[in-house]
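Just below is one structure, and these are the notes that go with it.
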Amino acid sequence: MREFRGKLTHFSKDEVKLIKSAYSLAEKAHEGQMREGGLPFFVHPVAVAQIVLDLGLDATSVVCALLHDVVEDTSVTLKEIETQFGLEVANIVEGLTKLEKFNFESKEEAQAENFKKMFFAMSKDIRIILIKLADRIHNMRSICAKPVKKQIATAQETLDIYASIAGRLGVAKFKAELEDLAFRYLEPGAYKFLVTNVEKQRKKQNHFLLQVKETLKNQLAEFGINGEIKGRPKNLYSIFRKMKALNISLEEVYDLIAVRVIVETESECYSILGTVHKIYPPLPNRFKDYIVVPKSNKYQSLHTTVMTPHGMPIEIQIRTFEMDELAEYGVAAHWKYKEDKAGKNKLDDKIAWLRRALELEEDYKDSKEFYSLMKSDLGADEIVVSSPMGDLYNLRAGSTPIDFAYAVHSEVGNKCTGAKVNGVIVKLEKPLQNGDVVQIITNQNSKGPSRDWLNIAQTPSAKAKIRSFFKKQEKPENIKRGKEMLEMEAKRRGYKLSDLLEPVSVQNVMRRYTFISEADMFASVGYGGLTTGQVLFKLIQLHDKKAKAQIRAVAKQSKNISDPNGIVVDGAAGFLTSLAKCCNPVPGDEIVGYISRGRGVLVHRTSCPNVRGFEQERLIEATFKREADVKPFNVSLQVTAHDEQGVLADVASIIKILKLSMSAFNARTERGEAIMNFTVLVPSLKDLEVLLNKLRSHSKIKSVYRV
């Protein structure tokens, strides 16, 4: 616990005791485990807990940070955690645990399913994502030990998802660090350039900034305002993004450091703003009032860019102390300052975007599609528009009146027949601008949205609500279409859908995708919420598992059956087996079994080309018994020789000398070559090798191989 020295003083004795218990359990559970860089694994949960402490979260969060990997990577169970630390801790740890024990079609599906699980878990307790962000920060800090390909993939995911979520939650310090850590691996050349040159450029600007800060400090003193003036350095990725977007050089980025004025009240913010504009002329179109119209993450501040006497523009941010804390810590401020019940409502307001995102789940059962939609939505710029009554709505940039209508309410969207923007009637596809006042014209007799609206709407939420309308209207057709699609795909894979729709299997799929009935599952496939592959993957997996169990059961009941092929399947003798005609396996060959329908286990050589096209779930381990137990077996050979007199007699002579019997023989000539096909009965694999070697060493024979 020495790592937390001096950081636990604000917790009660009982809370410190709980943290110590979590520390001991995690240390013991991870004992002997190592990270890729060679350090003990326990270093990681301790580092995550330290980041959580620095963020100011509660004791429960620190406990969960220490335990966040024990269920996933050790033998400790959720039940044990619940017994020792309570249900709240167990639920958070479960939300932090990946779905590693489930079978997925691909790595991408696993990633998407885990992302979806995380989203729903954090909707129940926002501490889950804050701990997850701390976990990602430490993993990114130590990612240098991983292979380059893994570094790039993780960095891209960090930038696309985790940094964006940190931004939506208003945790500026997490967002900046995650962006810069990802930037380092995604654009190493640009990163090194900025690390080397930004500090030099900041030093050039610092002289002017000091003068501005001194002037503003004097103004605060003159007005008797208790405040603070400080600089805010721009993070490296923000600088890079600005240079790239505006196609400018580093020397042309004038806001490497912004001046931040922090005062006690909102009215003082506007007083200082007036003074700033009297001293320094403001640049046109560079003023933003985020106090009156906050960002979607509830960020509040006044931003203005002014021109200094030295001819250099500088951004000045003016806010209250409370606004500054919220800007740095976002939703984490809820625990940092132990807000009361009124604070709980504020927290709900801050994550309203998350609630809206969860509305998509019903329409996007496909985790990969949900992941893709949320990734694009998280990274999108936002605008703020209002209703004629003054209610504010945050929408993604490019949104249309249709998006606004569905943001107000589903029924407003469904009954929408037109829109006015700033008092003027506009087309429904017109993109809205920041600050627009939007009025939706509705008609109670409207039959509902047009399918064209799916191409006009820009927000995933609006698209989902439009789809939902058509789903309800066309459910019978969707059920029929979905079942037909599943039947066709099942037939293509060699199954009957009726055989796959066993009650236990269907219940498993329904539970996985949260369907209420089998009809809902068919309907989801019918309207495109799920693919046929996603449903059939699980149904076939369960069906084949049952088939294997049945075959094993038959084997147990048939131990005394004499197996003419001498084959052991899945570690047991007595299975009904047959040798595949396409590759003719013989004792000594490496073989694999394929669970067929009605013919037991069909045995192939592992090198047989047909095996590559088989469903992997139906393959089963198979071997020949030891050679002493194997009876003589037939082998078909093809010999290619020079077309010379006596070559047929020579081949027959070799077989006779080895005392082998031939059961079939034919020969032909092609392009000056004699091609002989024959079947010979051999006692063992060793005898077969002797025959092959004798034939290959004959001067007239060009090649010999099994057919």
Side-chain angles (χ1 to χ4, degrees), residues 167-173 175-176 205 208-235 238-239 242 253-309 312-331 333 337 346 349-350 381-386 390-394 397 433-437:
R168 284 293 184 93
L169 297 176
V171 191
K173 58 188 297 179
K175 179 176 185 286
Q205 296 181 8
F208 308 115
L209 286 166
L210 288 172
Q211 291 182 14
V212 172
K213 287 167 72 175
E214 189 63 31
T215 300
L216 294 174
K217 187 177 179 182
N218 292 336
Q219 288 298 313
L220 288 177
E222 186 178 326
F223 288 121
I225 294 174
N226 179 32
E228 186 180 321
I229 313 287
K230 59 184 181 182
R232 179 207 51 91
K234 200 177 187 74
N235 69 305
S238 293
I239 296 168
K242 187 168 188 175
V253 180
Y254 296 112
D255 59 343
L256 296 177
I257 303 177
V259 174
R260 187 172 291 168
V261 183
I262 308 170
V263 293
E264 292 186 336
T265 68
E266 199 174 292
S267 60
E268 288 174 345
C269 291
Y270 289 99
S271 296
I272 291 300
L273 176 67
T275 301
V276 167
H277 285 173
K278 283 181 183 177
I279 301 171
Y280 306 112
L283 295 183
N285 303 317
R286 294 298 298 272
F287 170 68
K288 292 177 182 175
D289 188 341
Y290 292 120
I291 293 178
V292 173
V293 184
K295 291 186 178 182
S296 60
N297 59 16
K298 303 306 171 185
Y299 171 91
Q300 288 184 291
S301 184
L302 297 174
H303 288 196
T304 184
T305 303
V306 300
M307 186 63 72
T308 65
M312 186 182 80
I314 288 182
E315 183 181 72
I316 298 176
Q317 302 172 354
I318 308 167
R319 62 182 68 157
T320 65
F321 285 102
E322 184 183 2
M323 292 173 188
D324 192 55
E325 294 292 352
L326 288 170
E328 288 298 308
Y329 295 96
V331 297
Y337 297 102
K346 290 181 183 178
D349 289 342
K350 291 168 194 168
D381 292 330
E382 288 196 323
I383 59 172
V384 179
V385 297
S386 68
D391 296 319
L392 300 177
Y393 294 86
N394 294 92
Q433 303 299 318
N434 204 43
D436 280 347
V437 178

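In what follows, every heavy atom counts, from backbone to side chain, and hydrogens, waters and symmetry copies are set aside. All values derive from a computational prediction rather than experimental measurement.
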Side-chain donor-acceptor pairs of residues 214-221 under 3.5 Å, sequence neighbours excluded:
| residue | atom | partner | partner atom | Å |
| --- | --- | --- | --- | --- |
| T215 | OG1 | Q211 | O | 2.9 |
| N218 | ND2 | E214 | O | 3.3 |

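Closest heavy-atom contact between A172 and A327: CB-O, 3.0 Å. Considering all non-hydrogen atoms of both residues, G167 and K175 come closest at CA-CD, 3.5 Å. For the residue pair S386 and L392, the shortest heavy atom distance occurs at CB-CD2, 3.7 Å. Nearest approach of Y280 to T308, heavy atoms of both residues: CD2-CA, 4.1 Å. For the pair K213 and I229, the tightest heavy-atom approach, listed with the atom from each and the gap, is CG-CG2, 3.7 Å.
Rounding to the nearest 0.5 Å places CZ of R168 at 11.5 Å from NZ of K295.
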- Task: Please assess E315 against R286 for the test salt bridge (Lys or Arg N to Asp or Glu O under 4.0 Å), listing each intermediate value before the final yes or no.
- Result: CA-CA 9 Å; E315 183 181 72; R286 294 298 298 272; 5.3 Å; no

- T320 and I262: side-chain contact (heavy atoms from CB on, under 4.5 Å), yes or no, with the steps? CA-CA 5 Å; T320 65; I262 308 170; 5.9 Å; no

- Message: Show, in sequence, the C-alpha distance, side-chain angles and deciding distance for N226 and V263, and conclude whether the side-chain contact (heavy atoms from CB on, under 4.5 Å) test is met.
- Response: CA-CA 6 Å; N226 179 32; V263 293; over 6 Å; no

- Query: How far apart are the C-alpha atoms of Y290 and Q317, what are their side-chain angles, what is the distance that settles it, and do they pass the side-chain contact (heavy atoms from CB on, under 4.5 Å) test?
  - Reply: CA-CA 10 Å; Y290 292 120; Q317 302 172 354; over 6 Å; no

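Residue pairs meeting the salt bridge (charged side-chain N to carboxylate O under 4.0 Å, His left out) criterion with at least one partner in residues 257-285, sequence neighbours excluded, are R260-D324, R260-E328.
Counting heavy atoms from C-beta on, the side chains of N235 and I239 never come closer than 4.5 Å.
A search for side-chain contact (heavy atoms from CB on, under 4.5 Å) contacts involving P313 returns Y254, L283, T305, M307, not counting sequence neighbours. With sequence neighbours excluded, the residues forming a side chain to side chain donor-acceptor pair (under 3.5 Å) with T304 are H277, listed by chain and number. In this structure, K288 has no salt bridge (charged side-chain N to carboxylate O under 4.0 Å, His left out) partners at least two apart in sequence or on a different chain. Applying the side-chain contact (heavy atoms from CB on, under 4.5 Å) test to D391 and every residue at least two apart in sequence or in another chain returns S387, M389, Y393.
Here F287 and H303 keep their ring centres 6.0 angstrom or further from each other.
Between I318 and the choices C269, S271, S301, the side chain to side chain contact (heavy atoms under 4.5 Å, CB included) rule is met once, by C269.
A donor-acceptor pair under 3.5 Å links the side-chain atoms of N434 to the main chain of V384, judged by distance alone.
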